[in-house]
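Every number for a ligand or one of its atoms is a count from 1 in the order of the listing.
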Amino acid sequence: MKDEVTSTEERRENLKGMGCARKRVEDVRFTQGKGNYVDDIKMDGMLFGDFVRSPYAHARVTSINKEAALAIPGVVAVLTAEDLAPLGLHWMPTLAGDKQMVLADGKVLFQGQEVAFVVANDRYAASDGVEAVEVDYEDLPVVTDPFKALEPDAPVLREDLEGQTEGAHGPRKHHNHIFTWEQGDEAATEQVMSTADVVAEEMVYYHRTHPNPLETCGCVASMDKVTGKLTLYGTFQAPHAIRTIVSLISSIPEHKIRVVSPDIGGGFGNKVGAYSGYVCSVVASIVTGKPVKWVEDKMDNLMSTAFARDYWMKGKIAATKEGKITGLHCHVIGDHGGFDACADPTKFPAGFFNICTGSYDIPTAYLSVDGVYTNKAPGGVAYRCSFRVTEAAYFIERMIEVLAIKLDMDSAELRRINFIKKEQFPYQSALGWEYDSGDYHTAWDKALEAVDYKALRAEQAQRIEDFKAGKTRKLMGVGLSFFTEIVGAGPVKNCDILGLGMFDSCEIRIHPTGSAIARLGTISQGQGHATAFAQIIASEIGIPADDITLEEGDTDTAPYGLGTYGSRSMPVAGAATAMASRKIKAKAQMIAAYLLEVHDDDVEFDVDRFAVKGNPERFKTMKEIAFAAYNQAIPGVEPGLEAVSYYDPPNMTYPFGAYICVMELDVDTGEHEIRKFYALDDCGTRVNPMIIEGQVHGGATEGYAIAMGQEIAYDEMGNHKTATLMDFFVPTAMETPTYQTDFTVTPSPHHPIGAKGVGESPNVGSVPAFSNAVHDAFRAFGLVQSHMPHDHWRVWRIADELGLHG
Ligand code: PCD
Ligand SMILES: [Cu+]
C-alpha cells in the first residue's frame, strides 16, 4: 500500500486547499458569455413589467388614468396602489422596521418613486404603456436637507406616521424624525471634553453615493396556478430571507415558494433589501397567470434603489498635549430619504457605526445618531459598507487628522501612540464591541516602511518650499488611513433581520467516488465563493477542490442562511463550511479505523487520508473511505457521508488594515494624480490570496470613485442630478490607480480556521486614505476640513479659498 507516486507536499498541492491562489472556477463561464443572469431567464409567455415613476420629489397624487395605457397593443395590465390595497400589498415592511409604499399611495416622497406598474408582452410595449399612463400631481414643498427637515415648520413628509411618537427604535422627536440611537457614556464623555488639554471639533460629511452594480436589480416571478407554487428568480443577496418575507407578506406558505438567485452581476449591498419591483412582479404573475419579468435600467437603479451613506457626523475628540486621546464624542444626522429602508440588523438602526472609535484605545466615548426623513430615495446601507462601518472609519480617520493639525503633530505618529496594543486583545471598546484580535503596530510599521514614509515627508516639505517659491503649481499629499472593520454578522444573540437570526450554513455531500457537492446559505455576486469555499473543504477533509461542486442561491436545495453582505460569508458561512467538514472528517475517521482494523483513536489525518498512528504506510485515502461509506455495512455507523452545519458565530471578526495614498494635486486645474496606493490588509487566515487581491483592487477602486468624484446629488427641488453614467462618476481603466497590496496575518481566535472577512475592507480603508491625501496636500496652507467628493472643481475651490490662485 506504499504511496510511491506523491510526497506529502505534492498531495497537499494537489488539493488546492486553503492558501492556494487557485484560479476562479466561475470565470470559465463568465469569460465565455455563459453566465446565467436574471435577464437571461426566458420563460414561455413571459410578460414584462415597468414602472411609471414620479417626476416630483414631493407631491400629492390626485388621479391616475390607465385607459390610454391599456389601449396600447401589448399592454396587459396596469397596477396601482388601489389594486394592491385589497391584498394589503400597497405598502411593505422595510428591513429597518419602517414601511414603504410599493406603489404611490396618495403621495410621492422622492423623485423616481414607483407610481404604477405596467405589464405588457415585451419591454417596448411596457415602456409605451408607461408613457401613456396619465398621473395628476399636486406638488408639495420639498426638503432635501436633513437639518431643515427637523425644523419645527418643515413639511410633514410621512403623513402615514402623523401623530405617531414611537418609532421602530424608540421615541420620535419630530414629524420627520425616525429614531435616536445612543451608545456610550454621555456624562463621562462631556466631563473628559471639559477638562482635556486639547479638544478638536469638526463636522465630517460622508456624502450620498450609490453602489451602481454593473447589473441592475431585477426578478422573474412565476406563479404556477396548478401546483400553487411561486418561483421567484431575482438578484437577491439574501434569497432565503426574501422567501420568508414573501411568505409573510403574501401568506403563500413558505414551502410553496422557491427563490432562486442565479448569477449576480455585482451586488455591493444594492440587492439586499426588498423592492417594489419584486412585489409587483409577484402580484402581476398571480393576476395574469403568466411569468412576469422586471429588470431596471441604469436610471431606475441610480434613482430608486438603495443609495449609500449620507451621514453628517459632528465630532469632538479630546487629547492630552502629548497626543494621547482621552475621549470621543460624535453626533450623527443620518439622511434616510423618504422611508427607512436601511438594511441593518434589527437592533442596530445605525448599523455598526459604533465602531467609530476605530483602531484606537479611546477610554471614553459617546455616540448618538438621529435618523431623518427627507425627499430622497430610501436605502442607506449598501456599497461595501458593512453596516455603516465605512462612515465610521471615515469619521475617525478624519478626526485623527484634524486632531493632528490641532496638536501640530505628525498624524502617523498620533495614530501609533493611540493604537490598541497587541496585548490588549480581546479589546473592549468604549462603545460596546469586543475586538477579537489585532496587531496594529506591526501592520503600521510595515506599511510606513513599504512606502518610505520619512522620504515622502521630506519630499513634501521640499515641494511646499518650491510651491511657495513659485517653482511648481503642484502640491503633494500623503493620505494615511488605518482602519478596523467589524464583519461577520453575527451572533444570533444580538443580530437578526426581521427576527431571523444571522447564522449561516453549509451542507456537504460526499459522493461514493470521492467527489462532493457543497451548498451554502450565502450567495456569490462575483466574490468567487465557488472557488474559495471548496478550498476550505479540500484542506479540511482531503478531497481536491477541483472535485467539489459548490452551489448557492436556490432555496429549494440550499440550507437556510442569511445571505451575502457585510462581508459575512467567510466569517459565518466559511465557519459553517469548516464545521460541516469536520463532522464528515469525524465520521471518515470511524470508517477508516474500521477498514484498517484499529481503534478510532489509533488513526490520524494526513492531508488526504487517515493513517494508522506510527505506521503511515497503513492508510485509507478519503476516496476509499467515501466509497466504503456507501458500500459496506459498518457496525455502528450509518451509511452515506454527508453533514450540515448551521453556524452561530460567538463574535464578529475584526479585520484591519493600513492604507497609504500619495497624490499630486494641480492647484490651478484641481486635477489629481494618484502616484502610489499601498494597501495592507489583515483578514486573518487567507483562504485564496488571489481572490483577496482582487477584492482589494475592486474595493479600493470603488473607494477612489467615492472619494474623488462619485455622488448622488439632488437640487433643492429634489431633482436627481446624477441619474445617468454621464453624471455619475465611474472610473475606467484610465483613472483607476495601480495598487500595491500587502498583508499581515492575525487569525481570528474564535473562527474555526481563523479567517476574517475582507470584501468590504478596501472600501472602508481607502476612502479615508484618498480623502486624507487631498487634505494633507493643503494642510500646510491651512486647510482643516472639506467635504467629499474631491472632484476637480472642489479641489480647485479649496485652492481658491486658501488664496493659492494669487
Ligand atoms: N480570509 C479570507 C476572507 C475572504 N476570502 C474570500 O474573499 C471573498 C470575500 O469574502 P468576504 O469578505 O467574506 O465577503 P462576502 O460575504 O463573500 O461578500 C460580501 C462582500 O463582497 C464584496 N466584494 C464583491 N465582489 C464582487 N466581485 N462583487 C460584489 O458584488 C461584491 N460585493 C462586495 C460587498 S458590498 Mo455589502 O453587500 O454593501 O454589505 S458586503 C460585500 C470570498 O470569496 C472569500 O472566500 C478569502 O479567501 N479569505
Ligand atoms: Cu454594507
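The aromatic rings of Tyr560 and Phe503 lie tilted to each other, with the angle between the two planes from 30° to 60°.
Ion pairing between a basic and an acidic side chain is recognised when a charged N comes within 4.0 Å of a carboxylate O; Asp608 and Arg12 show no such pairing. Ion pairing between Glu540 and Arg582 holds under the 4.0 Å rule for side-chain N and carboxylate O. Between Lys493 and Asp648 there is no salt bridge, since no side-chain N of the basic residue sits under 4.0 Å from a carboxylate O of the acidic one.
At least one test fails for Arg309 against the ring of Phe307: distance under 6.0 Å to the centre or angle within 45° of the axis. Arg388 forms no cation-pi arrangement with Phe352, by the criterion of a distance under 6.0 Å to the ring centre and an angle within 45° of the ring axis.
You'll find the ring centres of Tyr659 and Trp444 outside the 6.0 Å limit.
For Thr685, a nitrogen or oxygen atom sits less than 3.5 Å from a nitrogen or oxygen atom of ligand 1, counting backbone and side chain alike. Taking only nitrogen or oxygen atoms, main chain and side chain alike, Ala532 does not reach within less than 3.5 Å of ligand 1. At under 3.5 Å, not a single nitrogen or oxygen of Thr564, backbone or side chain, sits near a nitrogen or oxygen of ligand 1. Checked against a 3.5 angstrom limit, the closest N/O atoms of Lys756 and ligand 1 fall inside it. Looking at Ile692 next to ligand 1, no N or O pair under 3.5 Å apart turns up. At under 3.5 Å, not a single nitrogen or oxygen of Ile691, backbone or side chain, sits near a nitrogen or oxygen of ligand 1. No N or O atom of Gly266 sits closer than 3.5 Å to an N or O atom of ligand 1. Inclusion of Ala755 in the set of residues having an N or O under 3.5 Å from an N or O of ligand 1 is not warranted. Here's the thing with Gly757: none of its N/O atoms is less than 3.5 angstrom from an N/O atom of ligand 1. Every N/O-N/O distance between Val272 and ligand 1 stays at or above 3.5 Å.
The nearest non-hydrogen atom to atom 28 (N) of ligand 1, considering only His529, His751, Gln525, comes from Gln525. Among Glu215, Lys271, Glu693, Arg384, the residue whose heavy atom lies nearest to atom 34 (C) of ligand 1 is Arg384. Nearest to atom 14 (O) of ligand 1 by heavy-atom distance, out of Gly269, Gly265, Gly267, Ser567, is Ser567. Atom 47 (O) of ligand 1 has its nearest heavy-atom neighbour, among Thr522, Val745, Asn688, in Asn688.
Heavy-atom contacts of Gln695 reach the following atoms of ligand 1: 21 (O), 22 (C), 23 (N), 24 (C), 25 (N) (cutoff under 4.0 Å). Shown in contact with Met570 at under 4.0 Å from a heavy atom are these atoms of ligand 1, numbered in order with element: 2 (C), 3 (C), 4 (C), 5 (N), 13 (O), 44 (C), 45 (O), 46 (C). Annotation for ligand 1: atoms under 4.0 Å from non-hydrogen atoms of Gln237 are 37 (O). Numbered from 1 in the order shown, with element, the atoms of ligand 1 that lie under 4.0 Å from a heavy atom of Cys683 read 1 (N). Near Val687, meaning under 4.0 Å from any of its heavy atoms, are these atoms of ligand 1: 46 (C), 47 (O), 48 (N). Atom numbering of ligand 1 starts at 1 in the shown order; those under 4.0 Å from a heavy atom of Tyr383 are 38 (O). With ligand atoms numbered from 1 in the order given, ligand 1 contributes 13 (O) to contacts under 4.0 Å with heavy atoms of Pro571.
Under a 3.5 Å cut-off, the side chain of Glu552 and the backbone N or O of Leu550 do not form any donor-acceptor pair. The backbone N or O of Gln525 sits less than 3.5 Å from a side-chain atom of Gln527, completing a donor-acceptor pair.
The residue from Thr685, Asp682, Thr442 that alone fulfils the side chain to side chain donor-acceptor pair (under 3.5 Å) condition with Thr746 is Asp682.
For the residue pair Asp98/Thr94, the side-chain donor-acceptor check at 3.5 Å is not satisfied. Looking at Asp335 and Trp312, their side chains never bring a donor and an acceptor atom within 3.5 Å of each other.
Sequence neighbours left out, the pairs with a member in residues 731-756 that pass salt bridge (Lys or Arg N to Asp or Glu O under 4.0 Å) are Asp436-Lys756, Lys446-Asp742.
In this structure, Ala382 and Ala306 approach most closely via the heavy-atom pair CB-O, 4.0 Å.
At a heavy-atom distance under 4.0 Å, only backbone atoms of Cys385 (N, CA, C or O) approach ligand 1. Under 4.0 angstrom from ligand 1, the non-hydrogen atoms of Arg568 all belong to its backbone.
With a 6.0 Å radius and a threshold of 12 heavy atoms from other residues, nucleotides or ligands, Lys298 has its NZ atom above the threshold.
Within the structure, ligand 1 has Ala382 among the residues with a heavy atom less than 4.0 angstrom away. At least one heavy atom of Gly566 sits under 4.0 Å from some atom of ligand 1.
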